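The shown structure was predicted, so the numbers you read here are calculated from the model rather than taken from an experiment. Only this structure's heavy atoms are used, side chains among them; waters, hydrogens and symmetry mates stay out. Counting begins at 1 with the first residue of the sequence.
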Amino acid sequence: MTDKNLTTKDILQKEFKTSMRGYNAGEVDEFLDMIIRDYESYQKDLAFLQSENERLRSRVDELTKQAALGKRSQSSSSPASGVTNFDILKRLSNLEKHVFGSKLEDHQDDDLLLND
């Protein structure tokens with residue numbers, strides 16, 4: 001940040017020397033009052049933007065940490081032996097056929113005997 005040479009208090013308390021052909025003191029005071037209002041407004045905006053910037057930076061840090069943790073947990077949960085979900089589902093299907101298939105065949109045989 002650049003250093004400011006003036007504060008609102010400096011502007012408010014500034015007194016100009018008067019001379020015979022000088023500026024109208026009332027006009028100068030009105031103009032300085034307008035500068036003070038703008039200066040205060042800029043200082044408020046700057047303070048708000050700095051706090052917003054800090055908040056967003058901390059949010060970025062937080063999300064970066066979450067993403068890093070997510071990648072670590074994702075890589076540790078993936079099977080290392082090369083087994084895919086398709087392989088697991090295929091094995092499960094074969095087990096179901098083996099277990100429930102024999103029961104289904106028994107029921108079909110019973111139904112055939114009853115119908116004959």
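- Cluster membership for M34 and Y39, using ILVMFWY side-chain heavy atoms within less than 4.5 angstrom, is shared.
- When the side chains of ILVMFWY residues are joined at heavy-atom separations under 4.5 Å, either directly or via intervening members, L63 and L69 end up in two distinct hydrophobic clusters.
- Checking D61 against S58 by side-chain atom types alone, no donor-acceptor pair falls below 3.5 Å.
- Taking Ile, Leu, Val, Met, Phe, Trp and Tyr as hydrophobic and joining them when side-chain heavy atoms fall under 4.5 Å apart, one finds Y42 isolated, its cluster having no other members.
- To the nearest 0.5 Å, the span separating CG on N53 from CG on L46 amounts to 10.5 Å.
- In this structure, the separation between NZ on K97 and CG on L95 is 11.0 Å, given to the nearest 0.5 Å.
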Please set out all donor-acceptor pairs under 3.5 angstrom arising from side-chain atoms of residues 6-15, sequence neighbours excluded.
| residue | atom | partner | partner atom | Å |
| --- | --- | --- | --- | --- |
| T7 | OG1 | K9 | N | 3.4 |
| T7 | OG1 | D10 | N | 3.1 |
| T7 | OG1 | D10 | OD2 | 3.3 |
| D10 | OD2 | T7 | N | 3.1 |

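- For residues 24-45, the set of pairs meeting the salt bridge (Lys or Arg N to Asp or Glu O under 4.0 Å) definition, not counting sequence neighbours, is empty.
- What you find for T64 and V60 is that their closest heavy atoms are OG1-O, 2.7 Å.
- Going from atom OG of S93 over to atom CD1 of I88 covers 13.5 Å, rounded to the nearest 0.5 Å.
- Cluster partners of L49, using a side-chain heavy-atom cutoff of under 4.5 Å among ILVMFWY residues and allowing indirect links, are F48.
- Qualifying side chain to side chain donor-acceptor pair (under 3.5 Å) partners for E52, counting only residues two or more places apart in sequence or in other chains: R55.
- Partners of E54 by salt bridge (charged side-chain N to carboxylate O under 4.0 Å, His left out), not counting sequence neighbours: none found.
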